[in-house]
Amino acid sequence: MSGSVTVHLTVNGVEHELEVEPRRLLVHALRDDLGLTGTHVGCDTSNCGACTVHLNGDAVKSCTILAVQAEGSAVTTIEGLGGEGNLHPLQEAFWNDHGLQCGYCTPGMIMASAALLAENAHPSEAEVRHALDGNLCRCTGYHNIVKAVLSAAEAGAGAPVAS
Amino acid sequence: MITAEFDYQRVSSVADAVAALQAGGEDAKLLAGGHSLVPLMKLRLAAPSRLIDISGVPGLAGIERDGAQWRIGALTPHARLAASDVGLLNRVAATIADPQVRNRGTIGGSLAHGDPASDLPAAVLALDGSVVAHGPDGERTIAASAFFSDYMETALAPDEMLCEVRVPAMDGYGFGYEKFHRRAEDWAVVAVAAAVKVLDGACVDVRVALTNMASTPLRAGAVEAALRGQPATAEAVAAAAQRAAEGTDPPADLDADADYKCHLARVLCERALVAALAPA
Ligand SMILES: Cc1cc2nc3c(=O)[nH]c(=O)nc-3n(C[C@H](O)[C@H](O)[C@H](O)COP(=O)(O)OP(=O)(O)OC[C@H]3O[C@@H](n4cnc5c(N)ncnc54)[C@H](O)[C@@H]3O)c2cc1C
Ligand code: FES
Ligand code: FES
């Protein structure tokens with residue numbers, strides 16, 4: 001049974017061809033096969049959003065998607081958003097506004113927020129909270145996370161994310 | 001968590017999906033968005049031997065107005081339905097889980113899964129909608145009232161695929177969906193869907209359906225009968241909503257016992273009817 005399947009993914013603009021078991025989750029393909037460990041596994045039960053990445057531009061929970069389901073897709077992870085020296089405005093804002101403590105939820109929070117801002121460049125506070133329904137933080141109490149998203153929006157973070 | 005092993009097959013047409021279901025035997029399952037099936041497989045509550053991925057079948061993710069009805073492809077994600085003009089279903093879809101789940105979960109998967117706590121089944125039932133299924137003998141249309149047969153069971157045969165959902169356009173109706181849950185992205189403890197048409201100050205048509213009040217979604221027939229023909233007033237709505245739990249059989253669970261669910265049904269029914277009567 002099973003065997004392996006070839007999957008073609010464009011991750012953060014780079015094309016990859018992977019041999020995976022059908023049961024390989026996308027999050028494990030990203031972390032373990034491609035070494036992109038910025039995407040975290042929190043709950044592993046589709047609730048916490050720590051594993052959020054963009055699949056063809058949509059925010060999704062990569063712990064609940066098989067790598068084979070992503071065949072031919074473009075994936076953006078937190079590494080693709082920006083890194084040291086060229087932080088994305090959202091990354092910058094989370095830093096400035098203390099939108100993180102332990103940082104475990106942060107990549108997912110930022111990817112979910114980036115998807116929101118791509119659709120709605122100037123959300124209200126209520127819209128930000130609603131858009132982060134699927135992301136849990138056990139440290140910050142959300143206050144500074146919401147503040148960071150709003151200040152990033154003000155700084156013009158709403159430009160579409162390249163994938 | 002890792003699922004049990006399975007064979008994976010991608011299909012690109014409805015005919016291929018049906019053939020694959022027939023060849024795959026009892027343990028083969030269709031995979032749409034995977035947001036009900038994959039979590040169950042990770043918990044090893046489900047272990048299909050073969051997954052038939054229908055997500056790439058062209059032409060099944062879209063919403064089309066066809067005369068007096070809406071035709072919604074089975075692969076339409078909740079996010080697309082939430083942003084559409086399909087009365088009642090748009091506001092119901094917007095309450096499902098969170099944006100990430102709404103980007104992946106599909107209406108076909110939601111109905112075929114047959115979970116009475118899911119939101120779209122009661123909404124499709126309230127509108128007297130139907131589903132179009134394809135099997136080895138061709139196509140058949142199943143009324144929503146005959147579709148949900150028991151807890152996680154539907155009228156679909158093991159080798160049938162749900163391809164389309166049809167609901168009447170409901171022009172001139174007002175809608176309400178009131179969902180009570182304990183955490184932001186959670187499933188409904190109880191929810192109530194309502195569609196009401198008012199003419200000259202009277203409720204000429206009333207549709208009410210209940211989420212998670214039995215092993216299947218239910219119509220609240222007693223409420224509908226009590227309000228039909230009555231004036232569209234707060235008093236008439238409050239009196240009719242008192243009957244929302246009649247004929248229900250809600251299972252007790254970790255969130256609520258049966259009495260509390262009945263109480264929720266009455267309160268949410270009144271709110272849903274009030275929302276349906278509010279000027280658009
Ligand atoms: C964290 C979380 C929270 C959620 N909260 C809610 C909520 O509040 N309300 C709610 O309603 N739902 C909720 N869901 C479920 C979500 O809406 C699912 O996506 C949906 O119920 C199933 O759709 P799917 O496309 O993902 O189906 P899949 O998981 O792919 O399939 C589900 C079942 O249906 C079968 N199937 C799928 N498509 C077809 C078809 N076309 N024909 C025949 N059989 C088919 C599959 O074989 C499988 O048995 C939640 C899910 C998660 C992960
Ligand atoms: S790890 Fe995916 S939602 Fe928590
Ligand atoms: S910063 Fe610790 S979980 Fe969010």
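On a predicted model such as this, the values are computed, not experimentally measured, just so you know. What you see below is based on every heavy atom in this structure, not just the backbone, and it leaves out hydrogens, waters and symmetry mates. Order of the sequence lines fixes the chain letters, A, B, ..., with proteins taken first and strands second; residue numbering starts at 1 for each chain.
- No other option in A:Leu116, A:Thr52, A:Leu136 has as many heavy-atom pairs under 4.5 Å with chain B as A:Thr52.
- The number of heavy atoms from other shown groups lying within 6.0 Å of CD (A:Glu19) is above 12.
- Ion pairing of A:Arg24 with B:Glu5 is absent here, as no side-chain N (NZ or NE/NH1/NH2) approaches a carboxylate O to less than 4.0 Å.
- B:Gln100 has its side chain out of reach of A:Thr64: every pair of non-hydrogen atoms, C-beta onward, lies at least 4.5 Å apart.
- Contact detail for B:Tyr8 and A:Pro22: the closest heavy-atom pair is CB-CB, 3.6 Å.
- Of residues 53-62 of chain B, those residues with a non-hydrogen atom less than 4.5 Å from any non-hydrogen atom of chain A are, in numerical order, B:Asp53.
- What you find for A:Ala131 and B:Pro99 is that their closest heavy atoms are O-CG, 3.4 Å.
- The neighbour count for A:Glu92 CD, taken as heavy atoms of other residues, nucleotides or ligands under 6.0 Å away, is above 12.
- One distance of note links CE of B:Met41 with CG of A:Leu25; it measures 9.5 Å at 0.5 Å rounding.
- Of all residues spanning residues 25-38 of chain B, those with a heavy atom less than 4.5 Å away from chain A's heavy atoms are B:Leu31, B:Ala32, B:Gly33, B:Gly34, B:His35, B:Val38, arranged by number.
- Atom OG1 of residue A:Thr45 and atom CE of residue B:Met1 lie 5.5 Å apart, to the nearest 0.5 angstrom.
- With hydrogens and angles disregarded, a donor-acceptor distance shorter than 3.5 Å links the side chain of B:Lys42 to the backbone of A:Cys63.
- The backbone N or O of A:Asp133 lies less than 3.5 Å from no partner atom in the side chain of B:Asp98, so there is not a single donor-acceptor pair.
- For the pair A:Asp58 and B:Arg104, the salt-bridge criterion is not met [side-chain N within less than 4.0 Å of a carboxylate O].
- Counting heavy atoms from C-beta outward, B:Arg183 and A:Asn47 have side chains that stay 4.5 Å or more apart.
- For A:Leu66, the part sitting under 4.5 Å from any heavy atom of chain B is the side chain, from C-beta outward, and nothing else.
- Other residues, nucleotides and ligands place more than 12 heavy atoms under 6.0 Å from the NE2 atom of A:His8.
- Not a single donor-acceptor pair under 3.5 Å links the side chain of B:Arg10 to the backbone N or O of A:Gln69.
- Within a 6.0 Å sphere centred on CD of A:Glu15, heavy atoms belonging to other residues, nucleotides or ligands number 12 at most.
- Between B:Leu43 atom CG and A:Asp44 atom CG the span is 9.0 Å, to the nearest 0.5 Å.
- A distance of 12.0 Å separates CG in B:Asp7 from CZ in A:Arg23, rounded to the nearest 0.5 Å.
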